[in-house]
Amino acid sequence: MSLLLDTHTFAWFYLGEGLPRRVRELIEDYQAEIFVSAISAYEMALKYRLGLWPDAGPLVADFEALIEQAHFRTLDVSARHAIRAGLLATIHRDPFDRIIAAQAEAEGLRVVSKDRQLEALGAEVVWG
């Protein structure tokens, strides 16, 4: 199974909050291939800098090391992903979510997210 973690899912995985047991088990399943979007690094860094997400500081500082330590893979944002995100219906305007939904659709990944609005953008969402 190939999964793409939404930004909050990645953060909660490391901060130890908010994840249902089933979701944590899904992420920790060694047979699953887990991706984290580069857009999540940008989202966390931006919100940390603006003071909107103070707890994200350690995640921002150690993003690449945390990805490597967990044996996750970073999913870079390509022009194909950006175009797909730009063409999605305006049902959900959050640019970070739009990129994640577009990446999931383009790469055949299921998104691990509490945000069911991603489904309106065409993403298959998995949550507890």
Side-chain angles (χ1 to χ4, degrees):
M1 179 181 333
S2 296
L3 304 170
L4 176 59
L5 303 185
D6 196 358
T7 305
H8 70 272
T9 306
F10 172 75
W12 292 354
F13 180 78
Y14 281 103
L15 298 174
E17 59 187 55
L19 284 184
R21 185 176 56 94
R22 180 190 172 312
V23 173
R24 181 166 292 281
E25 290 171 356
L26 188 66
I27 294 169
E28 292 174 341
D29 179 357
Y30 288 102
Q31 295 182 25
E33 186 175 28
I34 308 293
F35 292 88
V36 179
S37 177
I39 203 70
S40 291
Y42 174 60
E43 180 178 12
M44 288 187 300
L46 177 65
K47 290 180 178 179
Y48 175 73
R49 181 181 61 81
L50 294 174
L52 301 173
W53 197 356
D55 293 342
L59 301 174
V60 171
D62 296 327
F63 183 81
E64 291 178 307
L66 294 171
I67 297 289
E68 186 176 320
Q69 173 188 342
H71 303 287
F72 297 163
R73 295 177 57 192
T74 302
L75 181 58
D76 292 332
V77 179
S78 70
R80 180 175 63 128
H81 298 148
I83 290 167
R84 186 175 289 237
L87 293 174
L88 289 172
T90 55
I91 296 165
H92 192 47
R93 300 183 68 89
D94 183 307
F96 305 113
D97 287 347
R98 294 174 67 79
I99 289 285
I100 287 173
Q103 287 181 304
E105 185 183 1
E107 304 301 328
L109 305 171
R110 297 166 71 190
V111 180
V112 183
S113 178
K114 188 176 182 178
D115 185 356
R116 291 291 180 183
Q117 289 185 2
L118 292 169
E119 291 176 326
L121 295 172
E124 183 180 348
V125 176
V126 179
W127 193 252

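Bear in mind that the values here come from a model prediction, so they are computed numbers and not experimental data.
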Enclosure of [X] [atom1] (heavy-atom neighbours >12, cutoff 6.0 Å):
X	atom1	answer
Glu68	CD	no
Tyr42	OH	no
Tyr48	OH	no
Glu17	CD	yes

Contact between [X] and [Y] at the side-chain level, heavy atoms closer than 4.5 Å - yes or no?
X	Y	answer
Ser40	Ile100	yes
Glu25	Asp29	no
Phe10	Leu66	yes
Thr7	Trp12	no

Going from NE2 on His71 to CD1 on Ile34, what distance comes out if it is rounded to the nearest 0.5 angstrom?
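Interatomic distance, His71 NE2 to Ile34 CD1, rounded to 0.5 Å: 12.5 Å.
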
Once you measure the plane-to-plane angle for Phe72 and Phe13, does it fall in the parallel (<30°), tilted (30-60°) or perpendicular (>60°) bin?
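Rings of Phe72 and Phe13: tilted, 30 to 60°.
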
Between Ala102 and Arg84, which heavy-atom pair has the shortest distance, and what is it?
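Shortest heavy-atom contact: O-CD, 3.5 Å.
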
Option among Thr9, Leu4, Leu26, Val111 that satisfies the side chain to side chain contact (heavy atoms under 4.5 Å, CB included) test with Val126
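Testing Val126 for a side chain to side chain contact (heavy atoms under 4.5 Å, CB included) against Thr9, Leu4, Leu26, Val111 leaves exactly one candidate, Leu26.
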
Excluding sequence neighbours, so at least two apart, what forms salt bridge (Lys or Arg N to Asp or Glu O under 4.0 Å) with Glu28?
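Scan of Glu28 (salt bridge (Lys or Arg N to Asp or Glu O under 4.0 Å), adjacent residues dropped) gives Arg24.
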
